[in-house]
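If you're wondering where the values come from, they're calculated on a predicted model, not measured in any experiment. Throughout, protein chains are lettered first and strands after them, A, B, ... in sequence-line order, and every chain is numbered starting at 1.
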Number of protein chains: 2
Amino acid sequence: MADFLHFCNQFSPLNQEAMEELFENLKIKHFQKGDYLLKIGEVCKHLYFINEGLTKTFFIKDDKEFINVFGIENRLFTVFESYVTQTPSNFNVIALEPTTITLISYSEMDKLCKKHHGAETFFRKLASLAATKMTRRISEILEENATERYNLFVKENNQILQRINLGDLASYLGITQQSLSRIRAKK
Amino acid sequence: MADFLHFCNQFSPLNQEAMEELFENLKIKHFQKGDYLLKIGEVCKHLYFINEGLTKTFFIKDDKEFINVFGIENRLFTVFESYVTQTPSNFNVIALEPTTITLISYSEMDKLCKKHHGAETFFRKLASLAATKMTRRISEILEENATERYNLFVKENNQILQRINLGDLASYLGITQQSLSRIRAKK
DNA sequence: AGTAGTTTTTATCATTTGGTAAAAAATTGC
DNA sequence: GCAATTTTTTACCAAATGATAAAAACTACT
């Protein structure tokens, strides 16, 4: 809880009243490895702040899995389109480890946004940051080949690298596990 | 101007006062084919609403061009990261045709956001939509091969297809022009 | 230690895409 | 209409990645 408070203050401070209202409505939930936080077709009703653990957000097409994003400790994420429009999700989210999550519900956030200008600012910043990160990822995928993308991931995600298996990393990079294994062997 | 008003009302209506304040500070600018709206290294100081014409947002790496997005009539766009953080842009933006643009300055939007809750909402929605679109594009790039991405582009952008040359389309798809030509020949 | 299950690596061949070069077609300016 | 320029296509070979299969390495459980 302290971590989430810290995160909020760092990211976009809310006033006392909004902060209290937000914290009154937080829920904490535990997931075992393999548990679903969200399934394709369900509406994503929460922002997820990871206190501890690791998640992946993914979908499957033609028996191949594609990972959109890993959920990492002390970061806030959601399935954006589903959350924002409250329509069925195109992504599954599951826990890759025993995971503890602080949940912020859509209805609560929505209420808060309408009531407090600062909450709206908070969410605007969150969406902006998401858009920025996505843009970078698109550039990366287009301009770098798989080897370079792998190296970049290693450089920027050293903290979680040991906790992600090769198959999942390959799914994130958009290549087969065999290709990734080959890439690593070449070094 | 009427188009932009219509766009705003559709997208996220502002109250009378905010709307008037916004419209007082709009500027309209004309660009010739090949003119730069923004160069890499400059700070993106505007939201761009395209009244007429077509633009591309791109960067170059190893002599290869990569297009992030095409700017299309009656759509609002910007170089997100640069605009939001007011730091130097990693992208160029140029006009592909004679283009008329309604400009909304950062400082004005910022003022408006601080003053009017509704403007903040407007911008939150804009950022959310951007993030959503980016997520879709990432999924697309990862899951579809070049042929399928080309087919998808044709289906969804028929309106501007004739106005984009093959080289630019290839740059958007992330492949060489020769590959794209080959893909089209196969059909 | 041994078995079963999972993860990673290796191998082989097919397919896709890239790099380079050049020809063909279309567009522009005079 | 013709020359110059730009855009698109074709061709050939190289490199990257995919598909499939199987072996090897690692993990968990008893």
Report task. With DNA chain D as reference, determine whether B:Lys33 or A:Lys64 sits nearer its 5' end, using the nearest nucleotide of each. Result ->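 Going by which nucleotide is closer to the 5' end, it is B:Lys33.
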Expressed in angstrom and rounded to an integer, what is the separation of [X] atom [atom1] from [N] atom [atom2]?
| X | N | atom1 | atom2 | result |
| --- | --- | --- | --- | --- |
| A:Leu142 | C:dG18 | CG | P | 11 Å |
| A:Asp63 | D:dT20 | CG | C1' | 14 Å |
| A:Lys186 | D:dA15 | NZ | P | 11 Å |
| B:Asp62 | C:dT20 | CG | P | 11 Å |
| B:Gln178 | D:dA14 | CD | C1' | 15 Å |
| B:Arg182 | D:dT9 | CZ | P | 13 Å |
| A:Ile183 | C:dT9 | CD1 | C1' | 14 Å |
| B:Gln177 | D:dA11 | CD | P | 16 Å |

Query raised in the report: Choosing from C:dT8, D:dT17, C:dT17, which nucleotide comes nearest the side chain of A:Arg184?
Result: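 Selected nucleotide: C:dT8.
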Requested in this report: Indicate the atoms forming the closest heavy-atom contact of B:Phe7 with B:Phe122, along with that distance.
Outcome: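 Smallest interatomic distance, heavy atoms only, reads CE2-CZ, 4.4 Å.
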Query raised in the report: Is A:Ser181 touching bases, backbone alone, or none of the nucleic acid, heavy atoms closer than 4.0 Å?
Result: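 The residue A:Ser181 makes base contact.
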Query raised in the report: A:Phe59 vs A:Phe91 aromatic rings, parallel, tilted or perpendicular, using cut-offs 30° and 60°?
Result: perpendicular
Query raised in the report: Stepwise, does the side-chain hydrogen bond (donor to acceptor under 3.5 Å, both in side chains) test hold for A:Glu52 with A:Thr100?
Result: CA-CA 5 Å; A:Glu52 198 176 350; A:Thr100 307; 4.7 Å; no
Report task. Give a yes/no answer on whether the side chain of B:Asn165 brings an N or O atom under 4.0 Å of OP1 or OP2 in D:dT7. Result -> yes
**Report entry** Phosphate OP1/OP2 of C:dG18 contacted by B:Thr176 side-chain N/O (<4.0 Å)
**Finding:**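 It does, given that an N or O in the side chain of B:Thr176 lies less than 4.0 Å from OP1 or OP2 of C:dG18.
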Query - pair A:Asn68-A:Arg137: side-chain heavy atoms closer than 4.5 Å - result: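 Heavy-atom side-chain distance check passes, below 4.5 Å.
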